Protein chains: 2
Amino acid sequence: MSRGGLSSVTIGRLAEATGLSKSGLFAHFQSREALEVALIEETARIARRHIVEPAMQVPEGLPRLMALVGRWFGWSARAGLCGGCPAAAAMFELDDMAGVVRDRLVALDDEWRELLRANVGRAMELGHLRGETDVEQIVWELWGIYLGHHSAMRFRRDRQADERAQTALIALLRRSGADPSHL
Amino acid sequence: MSRGGLSSVTIGRLAEATGLSKSGLFAHFQSREALEVALIEETARIARRHIVEPAMQVPEGLPRLMALVGRWFGWSARAGLCGGCPAAAAMFELDDMAGVVRDRLVALDDEWRELLRANVGRAMELGHLRGETDVEQIVWELWGIYLGHHSAMRFRRDRQADERAQTALIALLRRSGADPSHL
DNA sequence: ATTTAGTACGAACGATCGTGCTATTTGGCA
DNA sequence: TGCCAAATAGCACGATCGTTCGTACTAAAT
């Protein structure tokens, strides 16, 4: 899924990879659609373990936000996946397809954006960011930087992707009056 | 292709849509791979006509850069496509697949980035942007904003996507000392 | 002891995929 | 008008897709 997207995860291939028979494996999911939902949910689980949980150990405010974003960018490689972020790829794969799979992914995206929103907001409350900061705009631009980083890494094979993303991130937070001692 | 990605454009479906027979249509391309390359090239042609050519009528420097980017964001809808940007989707679809299709897309991406680079550079020469601007970084972040806008529009169905992108764009150019009269 | 539920299997289904071969039709030029 | 090459059609192929079916075997519940 990380390498070829949702549609590349075929019941036949998955059966071969697991050593199960096609029909035996199919019985566990009842439908291709349910398998795809399960795949998305598993992606979320892995992401939470690798990104959210460690970041929550860091002090609230800008430090935690930086930890969160730092672990977010490029997480799929650190999680041992051999391709890119399955969720990002799925967004482009499903953006025009209606159905429960897309719905589940939208819900997951909402959840993630809410997490970002909360942490940007907390940083503001703690005075790490300017008071009149547009939280939603920050979250919006963070997504842009993430997607840019993703395509730079995986499509363009840009060696400087990490630096570029970091530069963009710092500029974004500075613009919002970030306390430079936390960057 | 705009709606379902490269892999959704199947020879059978295309034959049915054009009224040709499968084999008759196939004879024109000799292979699925060649068809995909042709699709990517056609995408580039449409994009050039809708984005680049009109923008070249605008005075050099920041005005032309703004015209370019203004026509870039959300161009697929204005070009009459019923889905998102085929090139952006293809990047996420092919990011880990080797082959001539990917190669062609990379070349196209290089071409586009070179165009952006040239126009950011020209704006700098004309004093519309600060002299010590990191041109490559601007281009990099423009891509991020574009991808963010794309996913906001098509996946999240965000009504404010245009505003958000515009805000991010202006902030990026301001950071580079853009003459505010041109924004 | 008997029913039930869960798990897995092999075989087959109708579609559709890309791709060959072989005709047939077509359109421009001698 | 006749001819040749290009364009298109017809048909078939092996693969793979998601899905269904009937059937074992096992463990739990009755």
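Keep in mind that this is a model prediction, so the values were computed, not measured.
- A/Met66 and A/Leu126 fall into different hydrophobic clusters, defined by Ile, Leu, Val, Met, Phe, Trp and Tyr side-chain heavy atoms under 4.5 Å apart, directly or through other members.
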Start with the C-alpha gap between B/Val52 and B/Trp112, add the side-chain angles, then the distance that decides, and say whether side chain to side chain contact (heavy atoms under 4.5 Å, CB included) holds.
CA-CA 10 Å; B/Val52 184; B/Trp112 179 253; 3.7 Å; yes
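- Distance CG (B/Leu14) to C1' (C/dG18): 13 Å, rounded to an integer number of Å.
- Taking all atoms of both residues into account, the shortest heavy-atom contact from A/Phe92 to B/His150 is CE2-ND1, 3.5 Å.
- Of the candidates D/dT20, D/dC11, C/dT19, the closest approach to any side-chain atom of A/Ser23 belongs to D/dT20.
- Taking atom CG of residue B/Leu20 and atom P of nucleotide C/dT25, one finds them 17 Å apart after rounding to whole Å.
- Listed by residue number, the members of residues 27-40 of chain B with any heavy atom below 4.0 angstrom from DNA chain D are B/Ala27, B/His28.
- The line from CD of A/Gln137 to OG1 of B/Thr167 is 4.5 Å long, rounded to the nearest 0.5 Å.
- Atom CZ in A/Phe26 sits about 19 Å away from atom P in C/dA11, given to the nearest Å.
- In this structure, A/Leu6 atom CG and D/dG18 atom P are separated by 12 Å, rounded to whole Å.
- Across A/Trp75, A/Phe73, A/Phe155, a single residue satisfies ring-ring contact (aromatic ring centres under 6.0 Å, His included) together with A/His149, and that is A/Phe73.
- The base of D/dG10 has none of its N or O atoms less than 3.5 Å from a complementary donor or acceptor on the side chain of B/Lys22.
- Within 4.0 Å (heavy atoms only), A/Ser21 reaches at least one base atom of the nucleic acid.
- Residue A/Leu25 is classed as having no contact, given no heavy-atom separation below 4.0 Å to the nucleic acid.
- The A/Arg13 side chain lies nearest to D/dC17 when the options are D/dC17, C/dC17, D/dT19.
- Under the 4.5 Å side-chain heavy-atom criterion for ILVMFWY residues, no single connected hydrophobic cluster contains both B/Leu116 and B/Val58.
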